[in-house]
Asks: 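Quick one: structure below, then a few questions.
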Amino acid sequence: MGTPRMPRFDVTIAGELNLDLILYGLPDELPPERELLADRMMLTLGGSSSIVAHNLAALGSRVGFQSRIGDDHLGRIALEKLEQGGVDVSRVRHVAGATKTGFTVILQRDTWRNMVTYSGTIAELCWEDLDLDYLIDSRHFHLSSYYLQRALRPRVVELLQRMKASGLTVSLDTNDDPDDRWEGGLLEVLRYVDIFLPNEREAKLAAGTEDLEAAILRLADIVPLVVVKLGPEGALGQRGATRFTSPAWRVEAVDAVGAGDSFDAGFLHHYLRGADVPTCLAGANLAGALSTTRSGGTEAFRDAEHREKFLAGRGEPRSVKVPPFL
Ligand SMILES: Nc1ncnc2c1ncn2[C@@H]1O[C@H](COP(=O)(O)OP(=O)(O)O)[C@@H](O)[C@H]1O
Ligand SMILES: [Mg+2]
């Protein structure tokens with residue numbers, strides 16, 4: 001008997017790859033037919049799946065990424081940014097045709113934002129685009145933006161079953177449902193998820209109750225570990241009857257675009273290094289906080305000097321080498 005081969009990746013992700021255009025300084029109300037001037041802009045890597053992938057790689061995890069983009073400039077720029085971040089993008093498919101690479105415009109106000117998305121290729125990524133052997137060659141599989149993956153969604157249960165049957169652990173961050181219906185078999189999907197990573201609003205909607213406590217307990221009945229992101233309040237974790245809480249870090253926030261996705265990256269990075277739940281939560285809050293210090297979801301991670309100084313200055317939790325807790 002030979003020794004089992006080390007998987008090629010720590011995490012594989014199948015999902016959306018697109019850019020975010022963030023505009024700052026616009027009025028809260030947008031009157032029609034007026035020329036409204038933004039005072040600052042940032043064109044940056046967007047899409048929950050690609051932000052998680054990018055930031056996991058920046059933290060030092062080995063990441064493989066599958067996606068579909070159009071044959072257009074914006075798709076190529078997004079791909080280049082992800083590749084520069086150290087993510088393996090060899091399985092990203094370029095599909096020429098009328099559908100262009102997805103794109104999101106974010107109008108960032110002081111404490112809130114509008115988000116407008118052209119789904120484009122995001123909604124067209126499908127089962128046939130996936131190379132399952134590639135996705136399986138990993139310790140963990142992560143899925144983001146469940147409700148944007150319209151073509152893939154009908155086969156997500158099958159996909160997660162395949163991942164689990166191959167010995168991978170699985171995490172899911174649904175992000176928002178643009179239809180605000182929270183259907184599409186989510187509860188069935190959750191049966192194959194080890195770590196569910198919603199924010200507070202998403203946790204309530206996924207569980208179908210306005211009461212956060214009831215929502216957490218309902219979700220924790222299905223998923224071994226539920227992690228709820230609480231914005232500037234930090235986060236909590238629920239594993240069975242055990243509750244973990246972890247405060248946010250105090251930072252001068254530029255925007256919270258991609259903070260939840262960066263949080264996911266921080267959590268998974270520590271989880272895969274064998275850390276316990278409190279350490280994973282602290283590392284996740286730190287990654288979320290880091291994300292808020294620069295525009296968008298990846299700029300603070302791209303700048304290695306800024307990133308390392310920020311993390312080291314706050315005593316980034318050191319992961320102890322123990323078997324993963326799930
Ligand atoms: N203003 C902030 N200061 C410090 N950390 C923050 C701030 N906003 C968000 N975070 C961090 O980012 C995480 C995710 O943010 P949140 O807005 O809850 O998620 P999502 O982006 O999915 O809605 C939080 O749990 C926290 O760790
Ligand atoms: Mg989110």
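Below, all heavy atoms of this structure are taken into account, side chains as well, without hydrogens, waters or symmetry copies. Both ligands and their constituent atoms are indexed starting at 1 by order of listing.
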Asks: Going by atom types alone, do W182 and D180 pair a side-chain donor with an acceptor below 3.5 Å?
Replies: yes
Asks: Nearest protein heavy-atom contact for atom 22 (O) of ligand 1: which residue, which atom, what distance?
Replies: G260 CA, 3.5 Å
Asks: Should G234 be counted as touching ligand 1, given the test is an N or O pair under 3.5 Å?
Replies: yes
Asks: Check the orientation of F267 and F263. Use parallel for under 30°, tilted for 30 to 60°, and perpendicular for over 60°.
Replies: parallel
Asks: Assess N175: does it contribute an N, O or S atom lying under 2.8 Å from the Mg ion (ligand 2)?
Replies: yes
Asks: Would D211 and T209 count as having a side-chain donor-acceptor pair, cut-off 3.5 Å?
Replies: no
Asks: For atom 17 (O) of ligand 1, grab the closest protein heavy atom and report residue, atom and distance to one decimal in Å.
Replies: G231 CA, 3.9 Å
Asks: Does a salt bridge link R243 with E213, judged by any charged N lying under 4.0 Å from a carboxylate O?
Replies: yes
Asks: Run the numbers for me: atoms of ligand 1, each under 4.0 Å from some heavy atom of F263, listed by number.
Replies: 13 (C), 25 (O), 27 (O)
Asks: Would you mind telling me if ligand 1 is within reach of the side chain of N199, the backbone, both or neither, using heavy atoms under 4.0 Å?
Replies: side chain
Asks: Considering only heavy atoms of G288, which atoms of ligand 1 have at least one such atom less than 4.0 Å away?
Replies: 11 (C), 12 (O)
Asks: State plainly whether the residues R294 and D303 are in salt-bridge range, i.e. N to O under 4.0 Å.
Replies: yes
Asks: How far is atom 4 (C) of ligand 1 from its nearest protein heavy atom, and which residue and atom is that?
Replies: W249 O, 3.1 Å
Asks: Going by an N to O cut-off under 4.0 Å, is there a salt bridge joining D10 and R273?
Replies: no
Asks: What is the closest protein heavy atom to atom 27 (O) of ligand 1, and at what distance does it sit?
Replies: N285 OD1, 2.6 Å
Asks: Relative to the heavy atoms of V251, which atoms of ligand 1 are at a distance of less than 4.0 Å?
Replies: 3 (N), 4 (C)
Asks: Check the side chains of D194 and T169 for a donor-acceptor pair under 3.5 angstrom, ignoring hydrogens and angles.
Replies: no
Asks: State plainly whether the residues K100 and D72 are in salt-bridge range, i.e. N to O under 4.0 Å.
Replies: no
Asks: Relative to ligand 1, is L230 under 4.0 angstrom through side chain, backbone, both or neither, heavy atoms considered?
Replies: backbone
